[in-house]
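Start at 1 and go down the list; that is how both ligands and their atoms are numbered.
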Amino acid sequence: MISEKMQQAFLEQINKELFSEYLYLSMKAYFANLNLAGFVNWMDVQVQEEHAHAMGMFDYVIQRNGKIELFEIEKPQNNWNSPLDVFKAVLAHEEYVTSRINALLDVAESEKDRAAIIFLNWYLKEQVEEEANVGGVLAQLELIGDDKNALLALDKELAQRTYVAPVIG
Ligand code: FEO
C-alpha cells in the first residue's frame, strides 16, 4: 500500500511527465516547420520517452494499490527564437525535472517507503543521462552559431537517434 502523501507526489509527477511529453511535442512541431528532420526525430524520441516515464509511475501507483487521479496538463510554449533557444529550454526543463525527482525521493525517505526509493532511483539515473544528452546537443549548437552547414550536419546526426523502450524500476 502507498501512503496518501507518496501517492499525491507521484500523481503530481505523472502530470509533469505528461507535460514534458507535451512540451517536446510542441518543440517537434517547431522543428518540423523549420524542415529539420533530424531534430524532429530527436524530439520524437524524447516525446516517447516522456510518455514511458509517465506510464511507469502510473503503473507503479496502481501496482501499490493506489488510486490514479489525472490533472490538467499545462499549455506548453509554442515558439522559440532558434534551435539553440530550444535546447537551452530543454536543459532548463530537464534540470527542473531532476529537482522534482529529488523532491519525490525526499517524500519517499520521510515516508520510509523503501520500495518507492528503489523505484525512483531509476528515474534519478535517467535524469543524469538526460541532462548529459541534452547538454551535448546544446554544446554543439553553441559551437555552430550561425553556420547553416554545421546545423545541417548536426541535423543528420540527430536523425540517427532511435527510441528504445525503457525498462523502468
Ligand atoms: Fe521524464 Fe525528461 O524526464
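When W80, Y30, W42 are each tested for a ring pair (Phe, Tyr, Trp, His ring centres under 6.0 Å) with F87, only one passes: W42.
The number of heavy atoms from other shown groups lying within 6.0 Å of CG (D146) does not exceed 12.
Its N, O or S atom nearest to atom 1 (Fe) of ligand 1 is what matters here, and for E17 that atom is OE1.
In this structure the side chain of T162 never reaches within 4.5 angstrom of the side chain of V45, judged on heavy atoms.
The ND1 atom of H53 and the OE1 atom of E50 subtend an angle of 90° at atom 1 (Fe) of ligand 1, given to the nearest 10 degrees.
Between the side chains of R161 and Q46, a donor-acceptor pair is found at a separation under 3.5 Å.
For atom 2 (Fe) of ligand 1, the N/O/S atoms of E94 include one lying under 2.8 Å.
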